[in-house]
Undergrad: 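Pasting a structure here, questions to come.
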Amino acid sequence: MKTLITTTILLLALFVTSYAQKSNRPVEVLMIGTSHSYGKKPVEKFDSIINKAYAFRPDAVFGEWLSGDDYDAIPDYWNKATIEKRLAYLKSRPYVDATEADKQIRESYKLLRKHPNFHQVRMKLARALYLKRDFGNAAYQLYRLDRARPAFGDEEKTAYLTILGVPDSLYRNRTNEYHNILFPLIDKLDQDKILPMDSQRHDAAWSEAWGKADSLVRIWEKGLDSTSVDGKRYSALQKRTRELEAAGNKAAQAGMATVAFNSPEGDEYLNIVNFYGARRMFGAAGFPEAALNEMLRQWQFRNDDMAHNVVNRARAAGAKRVVVGVGANHRKIMVDILRTIPGVTVYEFNSYDGK
């Protein structure tokens, strides 16, 4: 009996030690702030972005996707109705799904690593992933099919329609960071998955706070005397915003929008235009400071979740180096949060030297 107790204690100690080591494992993060739309005819120099991220040699790539569990846990958020319609459309297709989806997914990944041109296997994998709410990885498989689709024969075209539906029903955004940066990066790394890190559990509170702030700022603007001290402050802020916007547009026209998004000027511009100046007009008579503070508090909650999701899921996956691609408005706040987490080293895209 004494031996059994001693063995149990030793096993428990080993488990606790192993868990502590995993939970404190160092993680290096290369953060890339991106656009959600580079335009239908982009001039962005995507190759230079991909090559720089590739030089980081990440073990994994994260995108702004919800995990299946996180999606199912949220009763509603801004995009849920749209996704539910797509799920219903997918289920309406005249295709009988495998009875063991997890087994099918595992076997499909294994087979595609050896035979990447088995397109019908990829179609079934994309469908299974989407139905499992693994939207990021479903999108990656749909991206691979989208690239291969021009060479499809009649049999593959028919299979696509049966398994997934009309091609653009599930995959239509070819202007975003996934189609142009993150998915090509995954290909270049010879990986086959993207990890999710988004959070939408605060969306209802965020939407309410944003709506209230928006309404009160509009009312404040209408009552502002442009000749007053506060009016002149606001005019100066608008002038600064136009200057930053012009600089960003110039960079975008030169194919350097992502560089601009990852600069201090890009951070400043996005902070102003997305948060009504944030706290830059605090102190002005009648300015709705409480409403702005609540909006910014809700924004902090979401980004706290996203940053910790990156670290916790990287550690759980055994990834030591990860690339995080995220809408540029999240970039600065996530960098700041990540730098407060023990064991995490953050590299910013523009200053990363390729080592």
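For this chain, numbers begin at 1 and follow the sequence in order.
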Undergrad: Kindly indicate whether the side chain of P167, heavy atoms from C-beta on, has any atom under 4.5 Å from the side chain of D146.
TA: no
Undergrad: Quick check: do M197 and H308 have side-chain heavy atoms less than 4.5 Å from each other?
TA: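 They are not in contact (no side-chain heavy atoms under 4.5 Å apart), so the answer is no.
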Undergrad: Between R313 and D70, is there a side-chain N and carboxylate O pair less than 4.0 Å apart?
TA: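 Yes, charged N to carboxylate O under 4.0 Å.
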Undergrad: Could you list who else is in L161's hydrophobic cluster, with ILVMFWY side chains joined at under 4.5 Å, directly or through other members?
TA: Y89, V166
Undergrad: Under 3.5 Å, is there a donor-acceptor pair between the T227 and D225 side chains?
TA: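 Their side chains do contain a donor-acceptor pair, which is all the 3.5 Å distance test asks for.
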Undergrad: What I'd like to find out is whether the side chain of V344 reaches to under 4.5 Å of the side chain of R339, using heavy atoms alone.
TA: no
Undergrad: Nearest 0.5 angstrom please: I163 CD1 to H119 NE2, how far?
TA: 12.5 Å
Undergrad: In Å and rounded to the nearest 0.5 Å, what is the CG to CE distance from L237 to M281?
TA: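 Reported to 0.5 Å precision, the distance equals 7.0 Å.
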Undergrad: Do the side chain of R280 and the main chain of G277 share a donor and acceptor less than 3.5 angstrom apart?
TA: yes
Undergrad: Could I get the full list of ring-ring contact (aromatic ring centres under 6.0 Å, His included) partners for F183, not counting sequence neighbours?
TA: Y140, Y143, Y178
Undergrad: Would W78 end up clustered with L66 when hydrophobic side chains under 4.5 Å apart are linked, directly or stepwise?
TA: yes
Undergrad: Using modelled atom types and a 3.5 Å cut-off, is there a donor and acceptor pairing between side-chain atoms of N262 and backbone atoms of G33?
TA: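 Pair found, side chain donor or acceptor close to backbone of G33.
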Undergrad: If hydrophobic clusters are built from ILVMFWY residues whose side chains come within less than 4.5 Å, do F287 and I272 share one?
TA: yes
Undergrad: Side-chain contact, heavy-atom cut-off 4.5 Å: M295 with Y276?
TA: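 Result yes, sub-4.5 Å side-chain heavy-atom pair found.
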Undergrad: Taking N176 for the side chain and S37 for the main chain, is one N or O donor matched with an acceptor at less than 3.5 Å?
TA: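 The answer is no, because no donor-acceptor pair under 3.5 Å joins these two groups.
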Undergrad: Short question: side chain of K80, backbone of I74 - any donor-acceptor pair under 3.5 Å?
TA: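 Yes, because the side chain of K80 sits within donor-acceptor range (under 3.5 Å) of the backbone of I74.
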Undergrad: Could you tell me whether the side chain of D214 and the main chain of W210 form a donor-acceptor pair under 3.5 Å?
TA: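 Not a single qualifying donor-acceptor pair exists.
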Undergrad: Regarding N303 and H330, is there a side-chain donor-to-acceptor distance under 3.5 Å anywhere?
TA: yes
Undergrad: Should K132 and D102 count as an ion pair when the cut-off is N to O under 4.0 Å?
TA: yes
Undergrad: Check for me whether R321 meets the cation-pi criterion with F56, that is, NZ or CZ under 6.0 Å from the six-membered ring centre and within 45 degrees of the ring axis.
TA: yes
Undergrad: For the pair R315 (side chain) and R25 (backbone), establish whether a donor and an acceptor sit closer than 3.5 Å, ignoring hydrogens and angles.
TA: yes
Undergrad: Could you state the interatomic distance from NZ (K124) to OG (S108), rounded to the nearest 0.5 Å?
TA: 8.5 Å
Undergrad: May I ask you to decide if G153's main-chain N or O and E156's side chain share a donor-acceptor pair within less than 3.5 Å?
TA: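 Side chain of E156 to backbone of G153, a donor-acceptor pair under 3.5 Å: yes, one is there.
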Undergrad: Salt bridge check: are K212 and E208 linked by an N-O gap of less than 4.0 Å?
TA: no
Undergrad: Which residues end up grouped with V43 if you chain together Ile, Leu, Val, Met, Phe, Trp and Tyr wherever their side-chain heavy atoms are less than 4.5 Å apart?
TA: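 The other cluster members (ILVMFWY side chains, heavy atoms under 4.5 Å, direct or chained): none.
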Undergrad: For E348 and R331, run salt bridge (charged side-chain N to carboxylate O under 4.0 Å, His left out): C-alpha distance rounded to whole Å, both residues' side-chain angles, the deciding distance at 0.1 Å, then the answer.
TA: CA-CA 9 Å; E348 298 186 56; R331 190 200 78 83; 2.7 Å; yes
Undergrad: Is F62 reachable from I181 through a run of I, L, V, M, F, W or Y residues, each pair having side-chain heavy atoms under 4.5 Å apart?
TA: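 In one cluster: no.
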Undergrad: Could you tell me if N173 and T175 have a donor-acceptor pair between their side chains, going purely by distance under 3.5 Å?
TA: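 Yes, because at least one side-chain N or O of T175 sits under 3.5 Å from a partner of the opposite role on N173.
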Undergrad: Using the rule given for side-chain contact (heavy atoms from CB on, under 4.5 Å), can you reason through K193 versus I186, listing the C-alpha separation, both sets of side-chain angles and the distance that settles it, and then say yes or no?
TA: CA-CA 7 Å; K193 294 178 183 177; I186 290 171; over 6 Å; no
Undergrad: Take atom CG of D154 as the centre, draw a 6.0 Å sphere, and report whether it contains more than 12 heavy atoms from other residues, nucleotides or ligands.
TA: no
Undergrad: Using 30° and 60° as the class boundaries, would you call the ring planes of W206 and W299 parallel, tilted or perpendicular?
TA: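 Geometry flag for W299 against W206: tilted rings.
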Undergrad: Is there a path of hydrophobic side-chain contacts, each under 4.5 Å between heavy atoms, that joins I105 and F135?
TA: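 Shared cluster, no.
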Undergrad: Using a 4.5 Å cut-off on heavy atoms from C-beta on, say whether the side chain of V29 contacts that of T345.
TA: no
Undergrad: Check whether the side chains of E221 and Y234 place a donor and an acceptor atom closer than 3.5 Å, and report yes or no.
TA: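 Result is yes, a qualifying pair exists.
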Undergrad: Scan Q104, K110, K103 and name whichever one has a side chain to side chain contact (heavy atoms under 4.5 Å, CB included) with E107.
TA: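 Passing option: K103.
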Undergrad: Decide whether T258 and E44 meet the rule of one side-chain donor and one side-chain acceptor closer than 3.5 Å.
TA: yes
Undergrad: Find out whether V326 and M31 are in side-chain contact, i.e. whether some heavy atom of one side chain is under 4.5 Å from a heavy atom of the other.
TA: yes
Undergrad: Using modelled atom types and a 3.5 Å cut-off, is there a donor and acceptor pairing between side-chain atoms of D230 and backbone atoms of A284?
TA: no
Undergrad: Centre-to-centre under 6.0 Å for Y171 and H179, is that the case here?
TA: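 Between Y171 and H179, the centre distance is under 6.0 Å.
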Undergrad: Given L185, which partner from the list V61, I194, I32 fulfils the side chain to side chain contact (heavy atoms under 4.5 Å, CB included) test?
TA: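 With L185 as partner, V61, I194, I32 yield a single side chain to side chain contact (heavy atoms under 4.5 Å, CB included), made by V61.
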Undergrad: Measure from NZ or CZ of K157 to the centre of the six-membered ring of F152 and say whether it is under 6.0 Å with the direction within 45° of the ring axis.
TA: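 The answer is no, since K157 fails at least one limit relative to F152.
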Undergrad: Is there a side-chain contact (heavy atoms from CB on, under 4.5 Å) between R133 and I83? Walk through the geometry before answering.
TA: CA-CA 10 Å; R133 278 73 165 163; I83 293 178; over 6 Å; no
Undergrad: Cationic tip of K52 within the cone over Y352's six-membered ring, i.e. under 6.0 Å and within 45° of the normal?
TA: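 Not satisfied by the 6.0 Å and 45° rule.
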Undergrad: Thinking salt bridges, do D168 and R174 make one under a 4.0 Å N-O criterion?
TA: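 Yes, charged N to carboxylate O under 4.0 Å.
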Undergrad: Would you check if R93 and L164 make a side-chain contact, meaning some heavy-atom pair closer than 4.5 Å?
TA: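 R93 vs L164: side chains apart.
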Undergrad: Would you say the side-chain atoms of S207 pair up with the backbone N or O of A204, donor to acceptor, closer than 3.5 Å?
TA: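 No; judged by distance alone, with no hydrogens or angles, the pair does not exist.
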Undergrad: Quick one: do the D304 and Q300 side chains pair a donor with an acceptor below 3.5 Å?
TA: yes
Undergrad: Check N271, L292, N293 against R279 for a side chain to side chain contact (heavy atoms under 4.5 Å, CB included) and give me the one that passes.
TA: N293
Undergrad: So, are D305 and R302 salt-bridged, with charged N and O less than 4.0 Å apart?
TA: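 Looking at R302 together with D305, the answer is no, because their closest N to O distance does not fall below 4.0 Å.
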Undergrad: Indicate the ring-plane relationship of F46 and Y38, choosing parallel, tilted or perpendicular according to the 30° and 60° boundaries.
TA: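 Taking Y38 first and then F46, their aromatic rings stand perpendicular (interplane angle over 60°).
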Undergrad: Do P116 and R122 have side-chain heavy atoms sitting under 4.5 Å apart?
TA: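 P116 vs R122: side chains touch.
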Undergrad: With the threshold set at 4.0 Å, does a side-chain nitrogen-carboxylate oxygen contact exist between R106 and E100?
TA: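 Answer for the salt bridge query: no.
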Undergrad: What are the two closest heavy atoms between W65 and G136, and how far apart are they?
TA: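 Nearest heavy atoms, W65 then G136: CD2-CA, 3.3 Å.
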Undergrad: Would you kindly confirm whether V259 and Y269 end up in one hydrophobic cluster when ILVMFWY residues are joined by side chain heavy atoms under 4.5 Å apart?
TA: no
Undergrad: For the salt bridge (charged side-chain N to carboxylate O under 4.0 Å, His left out) test, which of E268, E265, E245 pairs with R240?
TA: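 Output: one option passes, namely E268.
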Undergrad: Is the backbone N or O of G165 less than 3.5 Å from a side-chain atom of S169, with the two atoms forming a donor-acceptor pair by type?
TA: no
